[in-house]
Amino acid sequence: MPEKIYVLWGDKNKKFGADENLFNYIYKKLGTKNENVWDGYYFIDDLNRNEDLYRILKNCLSDEKISFDSKERFIHSIGRGSIEYIWLLENKKFRIVDAVVYPNEDEIECLLRNIVNDCELITFGGGTSVTGGVLPTGKKKFTISVDTKNFNFLSIDKESMILEAGAGFKGPDLENELNKSDLTLGNFPESFEYSTLGGWISTNAAGQESNRYGKIKDMVMGVRLVTPTGIYTDHKVPAESAFFKVSDISVGSEGTFGIITRAWLKLHKRPENLFFKSLMFKSFIEGIESLKKEFTAGKSPIVSRLSDEQETYLSILAIKDNFLTKIFKFYLKRRNVLENGSILILMDDKKISMNDGINLGSIPAKYWYQTRFDRPYMYNELLKHGIVAETIETSSSWSNVEKLYKDVISSFNEEMERIGVKGLIMCHASHEYISGTALYFTFIFYSVNEREKNLNLLRDAVITSMINAGGSISHHHGIGTYLTDQFPLYKGNAYSIIKSMKEKLDPENILNPGIIK
């Protein structure tokens, strides 16, 4: 019998805590009614077990580590990307993995050695990819999802401040262990509650506190990489001058070169105190100029998150009305920044000296911190109304930020008008560097028909504009299967080096074959 399961983000009982003014504004802008068209559930079919595949897997794994269960296979066949959500919303059928395996670290080598050429292996951590990174390709007879949850080794060298951990650790479990010793890794992506260490490394992720702790590549000292041609391991040293390390080719490789089973990472003392500040600027560009002044002067708060006018206004609308919040909104209106201001959230472990813009105190920043992993729950509500949300991020030098931002906004609006749909686009700058910043674009649109086609047209308009304006193809989400067409063009001649590395480490192309063409 088909089984009905909940497929939206996170806890099905958790709702996005926002005032109805937020959603009413969105529904009006997008020309849709405040009524659900989907309940967030999907019917999955009963799936058969393939005995030939079972015999292959049985060579390396015991029965309890092999699953042909329909629900497990379905869950391991999708990520959290906009295209996948459209398939679910429209109850479309799509390719499902043929088996899920749960090997430990020592069983991976056997698995890769015994897998025949008609199998593909897709590594699965938390399933939070927003770029189609865990989708089966159908290029091989069988697709096997390799779940990393049994890569759960953990050791902390407190004297050297080094973490050795298995790739299957999820964010909260890892941080909870470190916090017992007043330590932190410092990586807090929006997907933190569900994503894994291996997923962070394979996409070169960046957390919300990257100003202080860097991207994952800045944290990783070394990795253990298991490939079809052998096992490669780095030396556990703080630095070396000996060509490149295994981690240099593993970070950001999205499971295409091999399977990362464990890593060594730098740790930090957990801040004893946190200070918060919120500033409001008259425009996004004015806020960008202020950030540029700070970071080029060598100042770097742990968090600096600047929302553009559209994102700022939505965040204000989300605030539930009471006596104090009404006074707050009245104050913003008197300062002429209620509907066209740009808010900057700051957090640091020392008092914050930045004073540009209108000082709103600490409360907005503290509220952001308390709810910083909740934004996907807002997308849940939108999807139930047939509204599609997409996130695309890039990075740019300070001298190019304004042009890139304006070009992307303009390209989206022009394409939206051309295809005849209604939508909104917004942006925030949230990972700053001495030489530039990352811009994180979010757009939403409403379409009754041809949702996937319209999504791809809007995505292409944004990405093309972004790259043409001198931005990176991605800052921390990775390539996945969504960006495979643009990837070779973006990399140019360097793409041949990536291809050569793939052919050396995975000559039969069995590992995530949908990413490198």
Rounded distance [0.5 Å steps], CE in Met426 versus CD1 in Ile444: 5.0 Å
Going by atom types alone, do Tyr27 and His385 pair a side-chain donor with an acceptor below 3.5 Å? yes
I would like to know whether Lys266 and Asp218 meet salt bridge (charged side-chain N to carboxylate O under 4.0 Å, His left out); could you show each step before the answer? CA-CA 8 Å; Lys266 306 169 189 174; Asp218 303 305; over 6 Å; no
Quick one: are the ring centres of Trp368 and Phe276 less than 6.0 Å apart? no
Taking C-beta and beyond as the side chain, do Ile86 and Leu455 meet within less than 4.5 Å on heavy atoms? yes
Would you say Leu489 has more than 12 foreign heavy atoms packed within less than 6.0 Å of its CG? yes
Evaluation steps, side chain to side chain contact (heavy atoms under 4.5 Å, CB included), between Phe443 and Ile392: CA-CA 9 Å; Phe443 68 77; Ile392 299 173; 4.0 Å; yes
What is the minimum heavy-atom distance between Ile434 and Thr296, and which atoms define it? O-CG2, 3.4 Å
Determine, using ring centers only, whether Tyr313 and Tyr25 are less than 6.0 Å apart. yes
Note: Ser195 and Thr128 closest approach over all heavy atoms is CB-OG1, 3.6 Å
Distance, nearest 0.5 Å, that separates OH of Tyr440 from NE2 of His475: 12.0 Å
Name the one of Tyr85, Phe16, Tyr194 that satisfies ring-ring contact (aromatic ring centres under 6.0 Å, His included) with Trp9? Tyr194
We want to know whether Glu390 and Thr442 form a side-chain donor-acceptor pair, criterion being a heavy-atom distance below 3.5 angstrom. no
Go through the steps to decide whether Asn456 and Ile83 satisfy the test side chain to side chain contact (heavy atoms under 4.5 Å, CB included), and finish with yes or no. CA-CA 9 Å; Asn456 286 328; Ile83 293 174; 3.7 Å; yes
Non-hydrogen side-chain atoms of Ile473 and Ile467 separated by less than 4.5 Å: yes
Given the ring of Phe188, does Arg372 sit roughly above its face, with NZ or CZ under 6.0 Å from the centre of the six-membered ring and within 45° of the axis? yes
Centroid-centroid under 6.0 Å between Tyr42 and Phe74 rings: yes
Would Ser290 and Met354 satisfy side chain to side chain contact (heavy atoms under 4.5 Å, CB included), going step by step from the backbone distance to the final call? CA-CA 9 Å; Ser290 183; Met354 192 172 177; 2.8 Å; yes
Taking the side chain as every heavy atom from C-beta outward, state whether Met501 and Thr256 have any atom pair closer than 4.5 Å. no
What residue among Phe23, Phe445, Tyr446 forms side chain to side chain contact (heavy atoms under 4.5 Å, CB included) with Ile387? Tyr446
Tell me yes or no: between the side chains of Glu452 and Trp87, is some donor less than 3.5 Å from an acceptor? yes
OH (Tyr367) with more than 12 external heavy atoms under 6.0 Å: no
Apply salt bridge (charged side-chain N to carboxylate O under 4.0 Å, His left out) to the pair Lys277 and Asp348, showing each step before the final yes or no. CA-CA 9 Å; Lys277 196 171 194 176; Asp348 207 355; over 6 Å; no
